[in-house]
Protein chains: 2
Amino acid sequence: MPYRAPVSEYRFILDHVAGFGRVAATDRFSEAGGDTVEAILTEAGKLCETALAPLQRTGDLQPAVLENGVVRTTPGFAEAYAQIATGGWVAISADPAHGGMGLPLTVTTCVNDMMSAACLSLQLNPLMTQGQIEALEHHASDALKAIYLPRLVSGEWCGTMNLTEPQAGSDVGALSTKAVPNGDGTYAITGQKIFISWGDNDFSGNVCHLVLARLPDGAPGTKGISLFMVPKFIPDENGNPGKRNSLSVVSLEHKMGLHGSPTAVMAYEGATGRLVGEEHGGMKAMFTMMNNARLGVGVQGIGVADGAYQHALAYAGERRQGRTPDGSATILGHADVRRMLATMKAQTFAARAIALNCAVALDMARATGEADWAARAALLTPIAKAFGTDTGIEVASLGMQVHGGMGFIEESGAAQYLRDVRVTAIYEGTNGIQAMDLVGRKMMDGGEAAFHLIEEIQEGVEAARAALPELAGAVWEAAESLREGVEALIGADMQDRFAGAVPFLRAFALVLGADAHLRAAMAEGADGPRRRLARVFIRRLLPDHAALLAQAGAGAKDLYALSAEDLGA
Amino acid sequence: MPYRAPVSEYRFILDHVAGFGRVAATDRFSEAGGDTVEAILTEAGKLCETALAPLQRTGDLQPAVLENGVVRTTPGFAEAYAQIATGGWVAISADPAHGGMGLPLTVTTCVNDMMSAACLSLQLNPLMTQGQIEALEHHASDALKAIYLPRLVSGEWCGTMNLTEPQAGSDVGALSTKAVPNGDGTYAITGQKIFISWGDNDFSGNVCHLVLARLPDGAPGTKGISLFMVPKFIPDENGNPGKRNSLSVVSLEHKMGLHGSPTAVMAYEGATGRLVGEEHGGMKAMFTMMNNARLGVGVQGIGVADGAYQHALAYAGERRQGRTPDGSATILGHADVRRMLATMKAQTFAARAIALNCAVALDMARATGEADWAARAALLTPIAKAFGTDTGIEVASLGMQVHGGMGFIEESGAAQYLRDVRVTAIYEGTNGIQAMDLVGRKMMDGGEAAFHLIEEIQEGVEAARAALPELAGAVWEAAESLREGVEALIGADMQDRFAGAVPFLRAFALVLGADAHLRAAMAEGADGPRRRLARVFIRRLLPDHAALLAQAGAGAKDLYALSAEDLGA
């Protein structure tokens, strides 16, 4: 059951839902017209289908291992990585000044989606490098940029993010890794970092760690944190990998999934690092890196959802079981199987449209410098991350269910999607943290960006009323309820907001998804697959928004009334 | 983080929610008063805490293996099984005539819940034996009963269920295993069976397979199926295990979880079997076995939910991260963590109450012979199975989320709950099949049993209105919506019913869960933990019922309008 890259689907969403034409109309991205983008995505799709997808199960069965301090990666990963790198796919949005193609992030988003569907554990490697490139482009000195960026962009070197420590996860300000100036412009970095994705490998010329640490005069908490580049091999004056740095992989984690991606405990013992950005300005640089990565992780969920969907659809199209009411030979003819597949497809479309809307907003913000676009992107990022990854998990679980008993058997491949994707709701800021970001930081504008977006949705609805009155009416009502939900939220104190953050984010996502389906349905002109899918989403999935908004508005009081003793602690 | 058996929780539900007093008031179960039951559950709880819980992770790390045709079970399982058997815990509800204690199924349900929480993969073994005992008690000849029942009840022998074949899963009527009369009262059984839980072991004196097969004159489909007892060792005239039968374990499956439970492909090559029940009457006997097992599997989900909850609560009560608004030292003080834990606890309570209501109905049906009780049990069984197992999955997944990054690391144990419990939504009839049973077969009475239950719920609500007006009002409205949902359903054709079956079942479960919470809240008398938990369930989880009922009533048309081509097949 081979993976097929959904290039025409991306093209459709870009043209008819996400308004990518606006990106291509800017000076900055004037070369990224629809046909060019489609040609690029077609090439990337071939790579995913032929080189990455065959490694999906290999990564699961033959995880990376640590042997005498050296990480040995899954057989085949080195070769596939080389194809990614030589094809220029690591960082197509990077600045051409450093070897990138300067393509819109929207195109990167589609490529990441395909790579995630094909082989999530390998895709995580370039995703980490992309985040590092972003951080260096914005915050590094020219000297650092000159050494690192061309090699990261080409894929010759790989990048990682070192944030977490055992006592400092969501609370990154609690970190204790130290940085001491060496007097020569470098710093000695000492500490232990955990959960470092692709903390090492045996196929890149260097592994470049961006490490958060505290200088001797750094204040406690997040304000005293600085960011350092700490490479495995310290580059010589020509930028070639030189002396081995004082850092090591202590161990690799045994994880539920994503076995092909080595998750390392890293030890830094006076390792040589260079400052990225300002002293004590590490959080700012980290947020640059994380913002990019949050959309990237959301897209991991969406890619896996697509992979799991294609996988389940292929199984259902072959599996014969019982008599079907519509005379289909296979279980595709059973109403409940069709309900599951339709749900999977409709929800994946919605999540993908949200992610691409977010990417378009990021590109427009870059190309135009307009604050409204930046605010739109900031608003959509946590939604794209949390709803994208929740969709990955839910769709992968439905995919197992479509498989029946075979779904639990590892040989079928259905279970791996769920095991692999489960972490995406946790890393890069748990989905709870994303939701708190949405109802907290992203509503500090008094809800302006949210209201603006809801207005746009309702304008789209008005344009659809004549052709699709029932669907348009449902989306309009839901958008109105969301507006009321936002109004209630911005009037609430932070604890009440946080208590309802997760259901609020999901309600927001359902309304955005319904808007995307409605636009897709309108683009079709007459009754066709997109209208039929829109009906499924708007009639069956959108109605959840009401209960979610009720929960979002329920406040913190009854949760805190339930004491630790009440919970049984 | 040790498992603690929730004996006082069972006692509370039995006394104040499930009306177990009615069972103890019958002649048949007059010895099973509340204090006796509590003493029994306390003993079982100790066994689970001390002997089973320590094996949970062992089973995952050291799965059963097949060596030269012999199944070698997880180290420690044989000893723990011996404790289960010698303690008399395999089948406490079995007929005293065959060595059982004749206790209500309600008590078995509580014991199964605890065992599932402690070590699901081992618990599955006695669960299979329980189903076999049930089938033999109802359908076997006295001669078969005399040989098998005492040894199964004592745990000396184990039982299995052999239904599935590669081409016959949900469609059991498609099976091709053959049974040919040998002329001496025995039959030669030939065929392959798959997904046989505990298909073999190295710790019981015999493994007794109940095998569905077709006689030479058996009609195609389910009507031509007969049930046979096919033991690993054929008992001699004294009932001792004699000659090795012509059956073998071909292979064991590699599964997502439940590694400690060997899932076998079984080959029967002219194996000697004896008929259980009538010729061509196999489906009837199978349903006896499966009905019992369906409640048992639902309870597996509930047990795992409890285990995962206790596990996550213990972690949250130790993990320090960030400043909490209520001044708690640990993440228990964060609103979203509290929301997750409260959801886990409230939903687990609801699922457990539904399962125990089902068990009480089964006991009342047995003790009184009243058809109303049998109808109640039949109605509740698919709900208990599907909602119990969905709850296991959802709560285990939330438990991972509470753990943050550690949740994905296998050493934490959080992921195993999800990996283990995932299959419970699939086996013993997928949850889709359960839902179709609910809206199909269980509504053939024109909804009478459902309406009767909803009336009881509304009577309970009326009694709560004065003390808890807000909660009572919400439950009354939800029950009314459910009544309308049932009315719409029985007026709909079968395809429309099936298309909405899964959301309908969940809506029904939410209303039943709300009813249980309301009864618990009323039993408390004044504001306390149960009222506070009821508020969480009724305000936050119950509101979903509206969207679920909307989806349940959406019909099949839009699903079938979406063609196989539309889906991408």
Side-chain angles (χ1 to χ4, degrees), chain A residues 164 169-171 195 253-256 313 317 321-322 325-326 332 335-336 338-339 341-342 345 401 404-405 407-411 415 422-423 425-427 430 432 436 495 498-499 501-502 529 532-533 535-536 539-540 543-544 546-547 550-551 554 556 558-562 564 566-569, chain B residues 164 169-171 195 253-256 313 317 321-322 325-326 332 335-336 338-339 341-342 345 401 404-405 407-411 415 422-423 425-427 430 432 436 495 498-499 501-502 529 532-533 535-536 539-540 543-544 546-547 550-551 554 556 558-562 564 566-569:
Chain A
T164 305
S170 298
D171 182 15
F195 299 155
E253 303 289 359
H254 301 103
K255 309 189 300 295
M256 182 193 199
L313 180 66
Q321 202 69 186
D326 70 343
L332 269 179
D336 191 55
R338 203 167 276 243
R339 179 191 64 82
L341 289 166
K345 188 176 177 74
Q401 202 68 18
F408 200 60
I409 308 299
E410 287 290 356
E411 277 78 358
R422 183 63 186 82
V423 73
I426 296 173
Y427 65 23
T430 66
M436 284 186 260
Q495 275 324 296
F498 284 173
V502 166
R532 296 193 279 269
L533 195 66
R535 248 171 237 129
V536 168
R539 284 187 188 159
R540 290 170 189 269
D544 267 357
Q551 200 184 148
D558 61 347
L559 293 178
Y560 283 103
L562 205 64
D566 290 351
L567 288 169
Chain B
T164 304
S170 297
D171 182 16
F195 299 156
E253 303 289 359
H254 301 103
K255 309 189 299 297
M256 183 193 198
L313 180 66
Q321 201 69 188
D326 70 343
L332 268 180
D336 191 55
R338 203 167 276 241
R339 179 191 63 81
L341 289 166
K345 188 176 176 75
Q401 202 67 19
F408 200 60
I409 308 299
E410 287 290 358
E411 277 80 357
R422 183 64 187 81
V423 73
I426 297 172
Y427 64 23
T430 66
M436 286 186 260
Q495 275 323 296
F498 284 173
V502 166
R532 295 192 279 270
L533 195 66
R535 249 171 237 130
V536 168
R539 283 186 188 160
R540 290 170 189 270
D544 268 358
Q551 201 183 149
D558 62 347
L559 293 179
Y560 283 102
L562 205 64
D566 291 351
L567 289 170

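Chain A is the first sequence line, chain B the second, and so forth, proteins listed ahead of strands; every chain is numbered from 1. Not measured: the values here are computed from a predicted model.
For a residue to count as touching a neighbouring chain, one of its non-hydrogen atoms must lie under 4.5 Å from one of that chain's; by this rule A/L313 touches chain B with the side chain only. With a 4.5 angstrom heavy-atom cutoff, A/K345 touches chain B only via side-chain atoms. For A/F195, the part lying under 4.5 angstrom from a heavy atom of chain B is the side chain only. For chain B, the nearby part of A/L332 is the side chain; its heavy atoms alone come within less than 4.5 Å. Interface residue A/A554: backbone and side-chain heavy atoms are both found under 4.5 Å from chain B. Using a 4.5 Å cut-off between heavy atoms, B/A501 does not touch chain A at all.
Ranked by heavy-atom pairs under 4.5 Å with chain B, the first of A/V536, A/T430, A/L533, A/V502 is A/V502. Interface summary for chain A: among B/T164, B/L341, B/L559, B/D326, the most heavy-atom pairs under 4.5 angstrom belong to B/L559. The candidate from B/G317, B/A564, B/A561 with the greatest count of non-hydrogen atom pairs under 4.5 Å with chain A is B/A561. Ranking A/M256, A/R532, A/E253 against chain B, the residue ahead of the rest is A/M256, based on heavy-atom pairs under 4.5 Å. Of the listed residues (B/Q495, B/R422, B/R539), the one with the most heavy-atom contacts under 4.5 Å to chain A is B/R422. Contact count versus chain A (heavy atoms, under 4.5 Å) is highest, among B/R339, B/Q551, B/R540, for B/R540. If you tally non-hydrogen atom pairs under 4.5 Å between each of A/A546, A/A425, A/G432, A/A550 and chain B, the highest count goes to A/A425.
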Take A/Q401 and B/I426, measure what side-chain contact (heavy atoms from CB on, under 4.5 Å) needs, and give me the verdict at the end. CA-CA 7 Å; A/Q401 202 68 18; B/I426 297 172; 3.6 Å; yes
side-chain contact (heavy atoms from CB on, under 4.5 Å) assessment of A/I409 paired with B/H254: CA-CA 6 Å; A/I409 308 299; B/H254 301 103; 5.7 Å; no
Output, in order, the C-alpha distance, side-chain angles, deciding distance and verdict of side-chain contact (heavy atoms from CB on, under 4.5 Å) for B/M436 and A/D336. CA-CA 9 Å; B/M436 286 186 260; A/D336 191 55; 4.2 Å; yes
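A/L562 and B/P529 make their closest contact through CD1-O, 4.0 Å (heavy atoms, listed as atom of the first residue, atom of the second, distance).
Residues that satisfy the salt bridge (Lys or Arg N to Asp or Glu O under 4.0 Å) test with B/R535, not counting sequence neighbours, are B/D527. With sequence neighbours left out, B/A547 forms a side chain to side chain contact (heavy atoms under 4.5 Å, CB included) with A/P543, A/D544.
Between the side chain of A/D171 and the main chain of B/Q321, no donor-acceptor pair closer than 3.5 Å is present. Between the side chain of B/R338 and the main chain of A/A556, no donor-acceptor pair closer than 3.5 Å is present.
For the pair A/Y560 and B/P325, the minimum side-chain heavy-atom distance is below 4.5 Å.
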